[in-house]
Amino acid sequence: MERVDCIVIGAGVIGLAVARRIASAGLETVVLEREAIPGSHASSRNSEVIHAGLYYPPGSRKARLCVRGRQQLYRYCQERGVAHRRCGKLIVATSEDQHATLQSYVSTAGRNGVTDLAWLTPREVAAMEPAVHCTAALWSPSTGILSSHDLLQALLGDVEASGGLLACRTEVVSAQLGSGRHHVIVQQDGARSEFETRLLVNAAGLDAQVVARTVAGLDSATIPPRHLAKGLYFTLQGRAPFGHLIYPVARSDGGLGIHVTVDLGGGVRFGPDVEWISAIDYSVDESRRAAFAAAIRRYYPDLDAARLQPGYAGIRARISGPGEPAADFCLQRPDEHGWQGLVNLYGIESPGLTASLAIADEVAAALGVVPAPTDN
Ligand SMILES: Cc1cc2nc3c(=O)[nH]c(=O)nc-3n(C[C@H](O)[C@H](O)[C@H](O)COP(=O)(O)OP(=O)(O)OC[C@H]3O[C@@H](n4cnc5c(N)ncnc54)[C@H](O)[C@@H]3O)c2cc1C
């Protein structure tokens, strides 16, 4: 049996950011990842947008950690050479009845500390993005894009530079909580082995609830429901008609609407939509092209649907279901579930990538590893 200070379950962006934070405090940290490479799930199947923090309810973890995490992330990308661009985003209303929603973003953003939104007229939008139709728009200059692959690599590099380790193809199959030390059973190449650890972080993303249910000692009443909300992307073949991110007003289903993301290579993708599913499935249903085209044409009327190519799918880790208001990030601390040294992370959907460094600070603080930062 190996004894370590901290085990992090899952090498997505959250697990790696947490491991980086804890390893940098001098604690021996091991990240256990079921897949062959880190970031095989949500952390590589997303829009790669650095969100400003416009939409989330004021006072929520999503709002607070998005705004703080965004500032940390821009700094980190710069320091560590993570490819990124502060390209800005347009949020466009395509009918007058959507103007009130834009206004609500301005006031929510202001309460979240995001005070740089600017109103644009259709003429000003046409000067920036001639292909876009709108009746009014907001400009968010602090929104950007990044390479999630670069981010994962940089975080992993930091973990290893601090003496931490990543074990891939290593699935956590169960754990036993104890006072002071926890035991984690893993399966690797068909063989089982065991770790003993003082700190245990469940950052298993979509499977955080599955992992939590295998943890002996954890009250199952503390485990929130898991809802899977799949999102598809279509890419646009040929010349890119846009230089900025373009979002319609958000939808009532909890998605941000089928928006335009430009990637760092200048490519354009549309998505994600929202489809509630019961099992993890990343297949791309090409028959959704028509629905995509209809949604996109509201703000990009000249779209040639034949240029839409099936892209990829991601799955949001939700703890609220269809028709329910989107739940906040759930970061379950020792005082909530009763076990010292354990943090469970559930429902880390968007803006989890943006908030990753701030989430890591909050997890570390909950475990008493470092004081919560107050300077950013
Ligand atoms: C469609 C979509 C678009 C998004 N767009 C954005 C965006 O533009 N901006 C933004 O800020 N956020 C965005 N997000 C959110 C962001 O991608 C996630 O919040 C973030 O990637 C979550 O990271 P994670 O580490 O929690 O999960 P994951 O990346 O899924 O990592 C969890 C890891 O745990 C591993 N694991 C699971 N079970 C076990 C086990 N038993 N043993 C060992 N390992 C295990 C998995 O293999 C996986 O690698 C988006 C999400 C989706 C789905």
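Keep in mind that the numbers below use all heavy atoms, side chains included, and drop hydrogens, waters and symmetry copies. Order of appearance sets the numbers: ligands from 1, and atoms from 1 within every ligand.
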Please state whether the rings of [X] and [Y] are parallel, tilted or perpendicular, taking 30° and 60° as the class boundaries.
X      : Y      : value
Tyr282 : His41  : tilted
Phe270 : Tyr299 : tilted
His244 : Trp139 : perpendicular

In the protein, which heavy atom is nearest to [atom], and how far is it?
atom                    : result
atom 24 (P) of ligand 1 : Ile14 CG1, 3.6 Å
atom 29 (O) of ligand 1 : Ser43 OG, 2.5 Å
atom 48 (C) of ligand 1 : Glu33 OE1, 3.5 Å
atom 6 (C) of ligand 1  : Ser350 OG, 3.6 Å

Under 4.0 Å, heavy atoms only, figure out whether ligand 1 is touched by the backbone of [X], its side chain, both or neither.
X      : value
Asp207 : side chain
Ile315 : backbone
His51  : side chain
Tyr233 : side chain

Run down the list Val274, Thr261, Val211, Val49 and name the one with the heavy atom closest to atom 9 (N) of ligand 1. Val49

Ring of Tyr74, cation from Arg86 - is the NZ or CZ under 6.0 Å from the centre and inside 45° of the axis?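 Checked: cation-pi criterion met.
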
For ligand 1 and Thr354, I'd like to know whether there is a polar contact (N/O to N/O, distance under 3.5 Å). yes

